[in-house]
Amino acid sequence: MKKTQSIPACSKDLSVPFQIGEVNKRSENGHIEVKIITHYDDFEALEHEWNELAWETDSHIFQTHEWNRIWWKYFGTNKKLHIVAVYRGKKLAGLAPLFEDDVTLLGHNVYSCLRFLGSYVSQPEGEPLTGSIPYSDYLDFIIRPGHEQLFYPLVLQHFNDISSIIDEIILDEVSVESGTSTTMISLLEESNYRLTYKKNKASSIPIILLDSTWEAYLNSMNVKDRYNARRYYSRSKQGDSKAFKIEKIEHSEELSCVLTDLIRMHQKQWNSRGFSGTFSEKRMRNFFIDIAESFFERGWIEFNMAVPEEGNAKYAAVDVFMTYKKRVYLMHRGMNDDSLYRKQGPGNVLLYRKLHEAIEDGVKVFDMFRGSEEFKLRLATKINQNITLILHSGFMTGRMLPSLVKIYIKMIRQIRGEISHFKLVCNDKPIFMGITEYIQFLIRRIKYRFDN
């Protein structure tokens, strides 16, 4: 079995020989410091610097301190932070927001790697967690513009230094356009590190690149899509016979009720397709609620509801959008399948109304999150491609063990996931009826995957 060995936590002052230091002891003269942050209090203390850095870089909302702090709260149970902070003088030049992801079998540590916060957790502890993809669509280092040639060599040297006591560094969901998949790989190939690497294809994310005006955006569509966009957008305005009022949550007190409805709608839709749904897991549900409450206070998230104009009907659909640095993310959607107004396309009304608003607000990118739903692929003007970059020691000794451990973890998760599906369908039903419904559940899933 692999001998458990902790990755050293250190601070390096590169203007002098090796020096140990605390996170709050900064250089006064412009020299370079590399600090390895392993304690939660130090992670929290970085909030202002972290968010300032994220805002100045080409980063996503998933690189904000809030997202990572809340993710760690729910998915970092009994794991260890390993955040690499590079300072140039007093100024934070870059962050590698990582954690140590270990796998234990029979009381022995058999595999260890570094991963991005927001990424996979090989062996999650706490409440059951069967999902195998990270909640964060884009992950990366956070580097101040102009500091790439400083940051990447320092981080690679650190990875090289610890390569004898860690199996892999796994960088999930990195954009192919990122400097991590270009500049850093070039440095790896040109330098004499003990590290080697491989790239695997990860998520594909449909996005819409928006024009400067609504009419210009419409004119970029084919005739059919342009007709539908006009038709559904017109239903967001009064006077249309099939119109919907678009209501938004204005006060935090309204969140709880709408969140409950959205989760119920979302689950019902995915269950009908043969999937247990994101929110079948308590931990995922609580993570989303916490993100919603925190981001609402900062103005980063909004809940739009399509309410039929006629009568006193309740909203027929809910869309959740996040906005960060001129980029809108379509986070979650919920449709009330029991609504009499479902056939009037309340989900489409919400979508095109938000696209119109985004263009008016000067938003440049409408990001639809990963997924192969038909409407995403139809509307996308570009498909963003992510990769998983895996770094490890160039020595082949023991390379089979990490592969076997990952196969084992994947198999266990698939089994747990199917057990979760079975329990969802068979709950409180006679065994024969439960098995019959479970088979139908599987057929719906296969059909959905085939259609998409």
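Owing to the predicted nature of the structure, the values given are computational and were not obtained by experimental measurement.
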dist R342:CZ -> N336:CG (nearest 0.5 Å) comes out at 9.0 Å

Inter-residue atom distance E168.CD - C113.SG, 0.5 Å rounding: 6.5 Å

Can you tell me how far CG of D137 sits from CE of M368, rounded to the nearest 0.5 angstrom? 12.0 Å

Identify, with sequence neighbours excluded, every residue that meets ring-ring contact (aromatic ring centres under 6.0 Å, His included) alongside F288. F279, H332

Who passes side chain to side chain donor-acceptor pair (under 3.5 Å) against N348, sequence neighbours left out? none

Please tell me if the side chains of F141 and V174 come closer than 4.5 Å, counting only heavy atoms from C-beta onward. no

Can you sort out the partners of H147 under ring-ring contact (aromatic ring centres under 6.0 Å, His included), two or more places apart, ordered by chain and number? none

Would a 4.5 Å heavy-atom cut-off, applied to side chains only, mark I70 and S294 as touching? yes

R231 charged N/C atom sitting above Y352 aromatic ring, 6.0 Å / 45°: no

Using the test side chain to side chain contact (heavy atoms under 4.5 Å, CB included), find all partners of E297 that sit at least two apart in sequence or belong to another chain. none

Report the residues that fulfil side chain to side chain contact (heavy atoms under 4.5 Å, CB included) with T64, sequence neighbours left out, ordered by chain and then residue number. N51, I61, E66, W67, F295, W300, Y324

Applying salt bridge (Lys or Arg N to Asp or Glu O under 4.0 Å), can you list everything that pairs with D140, at least two apart in sequence or on another chain? none

Sub-4.5 Å side-chain heavy-atom contact between M265 and M335: no

Among all residues two or more places apart in sequence or in another chain, which pass the salt bridge (Lys or Arg N to Asp or Glu O under 4.0 Å) test with K91? none

Carefully, step by step, assess N200 and T388 under the rule side chain to side chain donor-acceptor pair (under 3.5 Å). CA-CA 5 Å; N200 295 330; T388 295; 5.9 Å; no

Could you check K325 against S59 for side chain to side chain donor-acceptor pair (under 3.5 Å), going step by step and ending with a plain yes or no? CA-CA 9 Å; K325 295 196 300 186; S59 62; 3.2 Å; yes

Has N228 got more than 12 heavy atoms of other residues, nucleotides or ligands less than 6.0 Å from its CG? yes

Look up atom CD1 in I162 and atom CD in Q157, then write down how far apart they are to the nearest 0.5 Å. 11.0 Å

With a 3.5 Å cut-off and sequence neighbours excluded, list the donor-acceptor pairs that the side chains of residues 252-259 form with protein atoms.
residue : atom : partner : partner atom : Å
E254    : OE2  : E250    : N            : 3.3
E254    : OE2  : H251    : N            : 3.0

Can you name the ring-ring contact (aromatic ring centres under 6.0 Å, His included) partners of H39, sequence neighbours left out? none

Are any of the side-chain heavy atoms of F321 and L330 separated by less than 4.5 Å? yes

Closest non-hydrogen atoms of P145 and T57, given as atom of the first, atom of the second and distance, are CD-CG2, 4.0 Å

Interatomic distance, CZ@R285 vs CD@Q267, rounded to 0.5 Å, equals 8.0 Å

Should H158 and I36 count as side-chain neighbours, where that means a heavy-atom distance under 4.5 Å? yes

Side chains of T183 and E148 only: does a donor on one sit below 3.5 Å from an acceptor on the other? no

Can you list, pair by pair, the side-chain donor-acceptor contacts under 3.5 Å of residues 207-217, counting residues two or more places apart and other chains?
residue : atom : partner : partner atom : Å
T213    : OG1  : A216    : N            : 3.1
E215    : OE1  : R230    : NH2          : 3.3
E215    : OE2  : R230    : NH1          : 3.4

For Y227, I'd like to know if atom OH has over 12 heavy atoms of other residues, nucleotides or ligands within 6.0 Å. no

Passes side chain to side chain donor-acceptor pair (under 3.5 Å), D261 versus Y315? Steps please. CA-CA 10 Å; D261 285 342; Y315 44 80; 2.4 Å; yes

Which residues pass the side chain to side chain contact (heavy atoms under 4.5 Å, CB included) test with K199, not counting sequence neighbours? I185, Y197, I387, L389

Please report the closest heavy-atom contact between E173 and S136, naming both atoms and the distance. CG-O, 4.1 Å

For N386 and S175, run side chain to side chain donor-acceptor pair (under 3.5 Å): C-alpha distance rounded to whole Å, both residues' side-chain angles, the deciding distance at 0.1 Å, then the answer. CA-CA 4 Å; N386 289 349; S175 170; 4.6 Å; no

Among residues at least two apart in sequence or on other chains, which ones pass ring-ring contact (aromatic ring centres under 6.0 Å, His included) with F369? F62

Strictly under 6.0 Å, is that where the ring centroids of F99 and H82 end up? no

Is there a side-chain contact between W50 and F43, using heavy atoms and a 4.5 Å cut-off? yes

Measuring from I383:CD1 to I205:CD1, what's the distance to the nearest 0.5 Å? 9.5 Å

Using the salt bridge (Lys or Arg N to Asp or Glu O under 4.0 Å) rule, take E33 and K35 through it: C-alpha gap first, then chi angles, then the decisive distance, then the call. CA-CA 6 Å; E33 290 180 286; K35 300 178 181 296; 3.2 Å; yes

